[in-house]
Structure formats: C-alpha cells, structure tokens
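Single-structure report; data block below.
Naming convention: chains lettered A, B, ... in sequence-line order (proteins, then strands); numbering from 1 in each chain. Reckoned from all heavy atoms, side chains included, excluding hydrogens, waters and symmetry mates. Just so it is clear, the structure is predicted and the values come from calculations on it, not from any experiment.
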Protein chains: 4
Amino acid sequence: MASRGDATRDRLLDATIQLVRDVGYAQTTTRAIAQAAGVAEGTLYRHYPDKAGLFAAAVGRQSAPVTAWARDLPARAGAGTVAGNLTDCLTRLATLRTDIVPFELAMLTDPDLGRAAAAARTAEPGPPEFLTQYLQAEQHLGRIRADLDPAKIAVVLLATLFGLAVPSQRTTDALGGSWPDITDAVHILIDGIGTPARPDDTARPAADHR
Amino acid sequence: MASRGDATRDRLLDATIQLVRDVGYAQTTTRAIAQAAGVAEGTLYRHYPDKAGLFAAAVGRQSAPVTAWARDLPARAGAGTVAGNLTDCLTRLATLRTDIVPFELAMLTDPDLGRAAAAARTAEPGPPEFLTQYLQAEQHLGRIRADLDPAKIAVVLLATLFGLAVPSQRTTDALGGSWPDITDAVHILIDGIGTPARPDDTARPAADHR
Amino acid sequence: MASRGDATRDRLLDATIQLVRDVGYAQTTTRAIAQAAGVAEGTLYRHYPDKAGLFAAAVGRQSAPVTAWARDLPARAGAGTVAGNLTDCLTRLATLRTDIVPFELAMLTDPDLGRAAAAARTAEPGPPEFLTQYLQAEQHLGRIRADLDPAKIAVVLLATLFGLAVPSQRTTDALGGSWPDITDAVHILIDGIGTPARPDDTARPAADHR
Amino acid sequence: MASRGDATRDRLLDATIQLVRDVGYAQTTTRAIAQAAGVAEGTLYRHYPDKAGLFAAAVGRQSAPVTAWARDLPARAGAGTVAGNLTDCLTRLATLRTDIVPFELAMLTDPDLGRAAAAARTAEPGPPEFLTQYLQAEQHLGRIRADLDPAKIAVVLLATLFGLAVPSQRTTDALGGSWPDITDAVHILIDGIGTPARPDDTARPAADHR
DNA sequence: GATGAATGAGTATTCATTCAT
DNA sequence: CATGAATGAATACTCATTCAT
C-alpha cells in the first residue's frame with residue numbers, strides 16, 4: 001500500500017536519477033529535482049535529511065535490482081561457458097549500472113557526497129562478492145586458471161567494465177572508433193592477448209611474461 | 001630566464017593540481033587555489049582567462065611528460081617481453097596519471113569544464129595512439145594474437161588501468177584487500193583467465209569461450 | 001489579494017527606484033537594493049531573472065501611469081488653449097518622469113541594460129505617439145502651424161523636456177539661476193523667439209529664417 | 001615642444017574619448033584605455049591622479065575648441081539672420097559636442113565622476129554664456145522678442161540640442177523616423193508652433209496661447 | 001618616465017536549506 | 001504532509017589602483 005509519501009519519494013528518486021543521467025551531477029540542483037518531480041523545493045527535506053541523503057537513496061534504489069540479480073551468479077558456475085556467463089553478467093551489470101556511473105563519478109568528485117553514500121550503504125554482499133564467488137567456483141571446476149586470485153580477477157573485470165563505461169575523454173577522441181563492446185573485452189580477458197604457447201614449448205612459465 | 005609571471009603561473013598550476021588531488025574538484029575554488037598558491041584571487045585571472053582555462057593548463061602540463069614518454073613506446077616492440085613492456089608502460093602511465101585522473105573525473109562530472117579542456121587539447125597523438133602502434137608492431141612480430149584489433153586491446157588496457165585507478169567505492173569496500181597491482185592486471189590480460197587449451201584436448205575450441 | 005511575494009516585489013521596485021534616484025545607477029548594487037528593500041540578496045533573484053530584469057520592471061512600473069494618462073491627450077485637442085494643454089501635458093510628464101530619467105540615462109551609459117529594457121518593452125503606443133496625435137488634431141483645427149510635421153514637433157517638445165530635466169552640468173553651473181520652468185519653455189516654443197512679422201511687411205517668407 | 005610625456009597624455013586622452021564614444025562609459029576600463037593608448041596600465045597614473053581625473057581632462061580637452069569658437073558668437077549679432085546664426089551655432093555645437101555627450105551622461109550616472117569633473121572645471125565663460133550674450137545683443141537689435149529672458153532662451157536652446165542628441169530610447173523607437181534635424185528645430189524655435197497672429201488681429205495677447 | 005604583475009575589495013549570481021503558512 | 005518565499009554564505013570574476021623593477 002503506497003502512501004502519498006511513498007509516491008513523493010519515488011518521484012524524487014526518479015527525478016534525481018533522470019537529471020543526473022541527462023544533465024550531469026553539477027547541474028542537478030535541488031530546485032531542478034523538485035521541479036522535475038513536480039513537488040515544492042521544501043518537500044525534498046521532508047523525505048530526506050539533505051541532498052546527499054537523497055543521492056544516497058537514489059544510489060541504493062538503483063543498486064538493489066543489480067544486487068538481487070547478482071545473487072544467482074555463483075550458482076551458474078559450470079553451466080554454459082565461462083565466456084558466455086561473464087559476457088552475460090557484465091552486459092547486465094553494464095546495463096543496470098548505466099544510471100549509477102554518474103553517481104559514482106560525483107562521489108569521486110565530491111568527497112562529502114561519497115561519505116554520505118558510504119554511511120548509507122549496508123554491509124551486505126553485492127556484485128563484487130558474488131562475482132568473486134562465481135569465479136572461485138569456476139576455478140574449482142578447472143575452467144579458470146588456478147594460479148589467479150578470484151578476487152583480483154573480479155576487480156580487474158569490474159575495473160575494465162567501469163573503465164569502458166567511463167572513458168577518459170582523451171581516449172575516446174583518439175580511439176573512439178574502435179571502442180570494444182563487452183563481448184570483445186571478455187574475449188580478451190578470457191583468452192589473453194598473448195599468443196598461446198605452442199605444444200612443443202617445453203616450458204611456458206609465467207615468468208616469461210614478467 | 002623565468003620571469004616573475006612564469007613563477008606565478010607555476011605556483012597556480014601546482015596549487016590547482018594539489019588541491020584537486022587532495023580535497024576534490026568540488027572544493028577546489030578559485031579562492032582556495034589563490035590561497036594555496038600564495039597569491040591574490042585576482043592574480044589568477046591575469047594568467048588564465050578563467051577557471052576552466054586554468055584547469056585545462058593544469059591538465060596540459062601534467063599530460064606533456066606522459067605523452068613525451070609514450071612516444072618511444074612503439075620502438076620498444078620486440079624487445080624484452082610483451083608483459084614486461086606493458087607492465088612498464090602501464091606502471092608509468094599510472095604513476096604519471098595519478099594527478100590527471102581527478103581532472104578527468106571532474107570533466108565527466110562538469111560538462112562545461114570538459115568542453116573547455118577539449119578546446120585546449122591539441123590533435124597530436126598521445127598514449128592511446130602510441131600504445132596502439134606498439135601493440136600493432138608486436139602483433140606483426142607474432143607476440144600478440146593476430147585475431148585481435150590492436151586499438152581495441154589498447155582501449156581495454158587503458159580502461160582497466162583507469163578503472164583500477166578510479167575504483168568505484170563499492171568495489172573498494174568489498175574487495176579492497178585483494179586489489180591487484182599492475183603486474184597482476186597485465187598477467188591476467190596477457191595470459192587470460194581461462195585455462196589454456198591443452199594440445200591433447202580433442203575439442204576445446206575457442207568457441208567454448210564465446 | 002496581495003500575496004507575500006507581491007509585497008516583496010513592490011519593496012524591491014521601490015528600493016530600486018529610490019536608490020537610482022538618490023545615489024545614482026553606478027552605486028545601485030544588488031546588495032544595496034536588497035538592503036534598502038529589507039530582504040536578502042538572494043530574494044531578488046526569486047522575483048527577477050537578473051539585475052537588468054529588475055530594472056526593466058522598475059521602468060515598466062514607472063511608465064504605466066504616464067502612458068495611461070497620456071492616452072487621453074488627443075481627445076483634449078480644441079479645448080482650452082494649445083499653450084495651456086501643452087504646459088499641462090509637459091508638466092505632468094515632467095513630474096511623472098522624474099524617476100524615469102535616471103534609468104534612461106543608465107540605459108544610455110550601459111548598453112546591456114538598454115537592451116534588456118528594450119526587450120521588456122511592449123510595442124504599445126506611449127506618450128510620444130499620443131502627443132503626436134494631439135498635435136495633429138490641433139493642426140487640423142488650425143491652432144498649430146500647418147507647415148510643421150507634428151511628429152517633429154513632438155520630438156522637439158520631448159527633447160526639450162528631457163534636456164531641461166537632465167541638464168548638462170556645465171549649463172547648470174553657468175545659467176542655473178535663469179533656469180526656465182515648463183511654462184517658460186512652452187511659451188517660447190508656441191510663440192517662437194523671433195519678433196512677429198509686422199503687418200506692413202510685404203513678404204516675410206519662411207526662407208528668411210533659413 | 002611636445003615631450004614624451006605630452007605625447008603619452010595625448011594618446012591616453014585620445015584612447016579615452018574614442019572608447020567612451022564607441023563602447024560606452026561602462027565598458028571603458030582603465031585596462032582598455034591603456035591598451036588602446038598603447039601604454040601600460042600603470043602609466044595612466046603617472047599622468048593623472050585617477051580615472052576620474054583622466055576623464056575630467058578628456059572633457060576639458062574636448063571642450064576647449066568649442067569654447068574658443070563660441071567666443072566669437074556675440075559679435076555675430078545683427079549679421080545674417082537669427083535663424084541662420086542659431087542653426088550655424090547649434091550645428092557646430094552639436095558636431096563638436098558629439099564626443100562630450102557620453103561623458104556628460106556618465107557624469108550624470110556616476111556622481112563621483114561628476115564631482116571630479118566639476119572640480120577640474122574653470123570658472124571661465126563658455127558656450128552658455130556666449131549664447132546668452134548673443135541672444136541679448138539680438139534682442140537689443142529687435143530681432144528677438146523683447147519679453148523673453150535671453151538666458152532662459154539659451155537654456156531652452158541648449159536643452160533642446162542636448163535632448164535631440166541624447167534621445168530617450170522610447171522616443172527614438174516611436175518617432176525615430178521623424179527625427180528633426182537642427183534646422184527643423186531652429187525653425188520651430190524661431191517662429192513657434194502656434195499659428196501666427198493675423199494682421200487684422202487688433203490684439204495678439206499672449207493670453208491667447210495660455 | 002614606463003612597465004605590468006599583483007592586489008583585494010567589490011560585483012552579480014547560485015543554491016542548499018529553513019520555516020511560516 | 002506540502003508549499004514556496006526567504007535566506008545568506010559562497011562562487012567566479014572584474015577592475016581601479018599600487019609598486020617593485
């Protein structure tokens with residue numbers, strides 16, 4: 001049973017997310033939010049302690065479905081192919097996180113906002129943990145190299161995903177025409193960019209690459 | 001012969017870079033910059049047309065040595081190991097770019113600033129182009145898989161580097177303890193995370209990974 | 001039913017008009033206006049888009065009663081004497097326009113302000129048009145020389161009025177003691193300063209005066 | 001023998017007059033003046049105590065030739081026609097004063113500037129006095145109505161001249177197409193706008209027009 | 001005399017937040 | 001619960017003036 005207050009809260013969160021996505025964090029003022037939500041400026045403070053609190057709630061609401069979906073990830077180990085699973089996973093994360101990235105950038109730009117969001121965050125496991133668990137499971141099944149730390153792989157995967165979602169302007173200008181999609185990135189990460197060791201290689205120690 | 005004006009310009013750039021790094025772009029006001037540089041607020045505008053111009057100059061000064069260094073990159077193809085070269089390259093980029101990342105974030109957060117910086121940027125080739133050239137050269141030497149687009153590899157490498165340098169708060173909280181260093185990341189990217197196809201594997205075609 | 005906002009708007013306009021009249025446009029800062037109006041500086045921007053908008057509104061409010069009064073002017077043609085009507089008209093214009101002159105001067109000094117005011121101005125007829133119509137009507141009644149363009153007469157009348165209201169400092173210093181009032185000026189303009197043609201003058205064509 | 005300092009002073013005055021005429025007083029900053037004069041900003045203060053002093057000097061230099069010319073005016077009484085003399089006089093004043101009007105406006109807008117200029121002004125007679133003397137002389141010759149105060153006529157003439165030179169924006173918009181030239185204005189002022197008394201009028205009392 | 005870098009008080013404007021209605 | 005007018009500290013930027021060179 002959604003009360004009037006709940007509806008107002010939803011409208012405020014919708015407006016916030018839309019504005020941050022469309023005009024950027026710098027232009028997302030409380031006045032703009034209230035106007036987009038169709039409420040008075042003061043109303044915002046009836047539902048959230050301050051602007052940072054509203055933003056934290058927006059991030060939270062956006063994160064919830066992503067986290068819910070990621071919960072099933074470990075159970076998929078062994079099914080299909082690793083590449084398929086990761087492509088699926090990262091594609092979904094990318095899609096769902098599109099609206100979150102501007103918030104993450106804003107938090108990095110404005111430490112105060114970051115602190116507020118961190119305070120609002122629960123300690124529950126999220127995509128990073130679930131992805132790590134999935135990779136660990138695949139490692140036990142022999143489908144991921146045994147000499148790698150699953151957590152580190154997860155960080156590299158998520159970092160690459162983030163880096164592709166938030167490209168430095170300079171790189172976009174230079175190489176925007178060859179921008180890889182997630183399938184490309186997963187392919188590179190799964191198989192590596194190095195030429196595979198040939199069967200007659202007597203030894204192909206990791207040290208070769210260091 | 002450094003004139004007084006040059007010294008002031010340097011002090012302003014130093015102060016800007018330091019403040020953006022330490023307190024974030026949002027708090028880097030013209031007043032704070034002038035104070036940190038030990039000059040009056042008006043002095044800033046004797047040397048730069050406006051705040052965005054100052055930031056663009058700061059980015060430019062930071063970028064110059066990186067670009068200069070990256071110019072030699074393609075010539076290193078074939079020497080040492082690919083992993084070693086890339087680790088060296090990315091380590092250097094990471095070190096040098098530490099101060100640039102906050103600016104890139106600020107540009108993403110504040111479109112106006114991004115526009116000003118883009119206007120000040122020259123069309124000269126930079127790290128993305130040089131890295132692409134290096135990868136292409138290695139590919140011709142047979143040390144990089146022939147089926148990959150060097151530009152896409154470059155983007156993935158730089159995106160990963162960027163993503164590791166600017167971690168989403170959420171991931172840091174979850175997996176900060178297992179944060180990979182650049183050597184780890186290069187290792188993963190060179191060899192891939194998948195278990196290598198063994199020669200006697202009757203069927204473990206690359207398709208498995210797609 | 002005057003809302004609180006209307007009262008604030010009025011106070012802002014009053015303060016603006018008073019300050020421009022008393023301390024001059026150059027000293028009429030937003031801070032001074034807000035202080036004189038007894039509101040915070042930011043309040044100004046809740047009611048007007050910017051300083052120029054406030055000034056345009058002030059001019060508009062001052063002009064309204066003048067224009068309303070001038071509307072009846074043409075209908076007075078034929079009644080009383082021309083001199084009486086014009087003296088009445090110009091006296092009234094002078095009185096009502098006392099507060100407008102500083103704004104007109106400010107617009108001439110600061111082109112930006114002039115543009116803003118011009119944008120806010122309606123195309124409706126005002127004193128210049130009504131005065132022209134009045135003069136035209138009197139001309140048809142034979143009380144104004146037939147060889148003069150009513151519009152040009154109106155311009156000369158208004159220019160003289162303006163010139164008397166905004167005297168050059170130099171002239172005031174020199175002849176301030178003999179400053180003519182509006183009755184004097186109208187007398188001069190109606191009858192002319194030249195000695196009237198005497199009946200026995202055989203010909204005294206207008207060309208004599210050129 | 002013009003020293004270097006004299007040349008610099010001249011360049012500063014030229015630049016000031018040109019800028020005030022072209023871009024308006026509000027935009028005539030000391031920096032713009034120095035740049036237009038081709039000198040450093042600080043140089044201005046070597047020759048004039050402050051900005052107001054420079055402006056006062058500029059007004060003074062502009063006024064000198066006008067005053068010199070006007071000195072001969074009273075001696076012309078009786079020669080040619082009154083209309084011709086006045087048209088000539090006012091035309092010349094208008095031409096010469098074109099560059100002064102913006103300064104007079106600026107003084108009216110900014111009382112501080114006006115005070116500085118007044119302080120710099122000499123008590124010597126100028127155009128207002130000379131025009132008054134001329135009118136008085138013509139009056140004695142019977143070419144100007146005897147019932148008018150010459151000083152008041154002079155003020156009305158100069159006020160009209162000023163009003164025509166600095167038209168209120170509103171009037172220009174409305175009647176700009178019928179803007180009278182000086183000949184028109186003099187014609188109106190000499191002969192008046194009222195219909196002339198007919199010869200058979202036994203009396204042509206002023207009361208007719210009041 | 002001339003320079004031009006430095007100054008710092010001052011400007012218009014923004015915006016998160018409060019509070020009387 | 002909701003409103004929206006009011007707030008005032010903060011911001012980027014300007015400009016007349018000073019002073020070491």
Could you state the atom-to-atom distance from [atom1] of [X] to [atom2] of [N] in whole Å?
X: B:Arg11; N: E:dA5; atom1: CZ; atom2: P; answer: 14 Å
X: C:Gln35; N: E:dA12; atom1: CD; atom2: C1'; answer: 16 Å
X: A:Asp50; N: E:dC19; atom1: CG; atom2: P; answer: 15 Å
X: A:Ile33; N: F:dA2; atom1: CD1; atom2: C1'; answer: 17 Å
X: C:Leu54; N: E:dT11; atom1: CG; atom2: C1'; answer: 15 Å
X: A:Asp110; N: E:dC15; atom1: CG; atom2: P; answer: 14 Å
X: A:Asp6; N: F:dC1; atom1: CG; atom2: C1'; answer: 13 Å
X: D:Phe55; N: F:dT17; atom1: CZ; atom2: P; answer: 10 Å

Starting at [atom1] of [X], measure out to [atom2] of [Y] and round the result to the nearest 0.5 Å.
X: B:Thr8; Y: B:Arg11; atom1: OG1; atom2: CZ; answer: 5.5 Å
X: D:Thr109; Y: C:Gln27; atom1: OG1; atom2: CD; answer: 11.5 Å
X: B:Arg61; Y: B:Asp10; atom1: CZ; atom2: CG; answer: 5.5 Å

Exercise. Given the rule that a pair is Watson-Crick or G-U wobble with both distances under 3.5 Å, how would you write DNA chain F in dot-bracket, using | for pairs to a different strand?
Worked result: .||||||||||||||||||||
For this session: In plain terms, say whether A:Asp6 and A:Arg9 are close enough for a salt bridge, that is, a side-chain N and a carboxylate O under 4.0 Å apart.
Result: yes
For this session: Please collect all salt bridge (Lys or Arg N to Asp or Glu O under 4.0 Å) contacts where either partner lies in residues 99-108 of chain C, sequence neighbours excluded, each pair once.
Result: C:Arg21-C:Asp99, C:Arg97-C:Glu104
Seminar exercise, completed: The contact string for nucleotides 6-11 of chain F, one letter per nucleotide 5' to 3', using protein heavy atoms under 4.0 Å with B, S and - for base, sugar-phosphate only and none, comes out as BBB--B
Exercise. If we take the C1' atom in both E:dG1 and F:dT21, what is their distance in whole Å?
Worked result: 13 Å
For this session: Just do the side-chain contact (heavy atoms from CB on, under 4.5 Å) check on C:Leu54 and C:Asp50 with the steps written out, would you?
Result: CA-CA 6 Å; C:Leu54 169 65; C:Asp50 52 17; over 6 Å; no
For this session: Answer yes or no: does a side-chain N or O of D:Tyr45 lie under 4.0 Å from OP1 or OP2 of F:dT17?
Result: yes
Exercise. Between A:Tyr48 and A:Thr16, is any pair of side-chain heavy atoms under 4.5 Å apart?
Worked result: no
Exercise. Is there side-chain contact between C:Leu12 and C:Ile33, with at least one heavy-atom pair below 4.5 Å?
Worked result: yes
Problem set entry | Ring centres under 6.0 angstrom apart (A:Phe103, A:Tyr25) | no
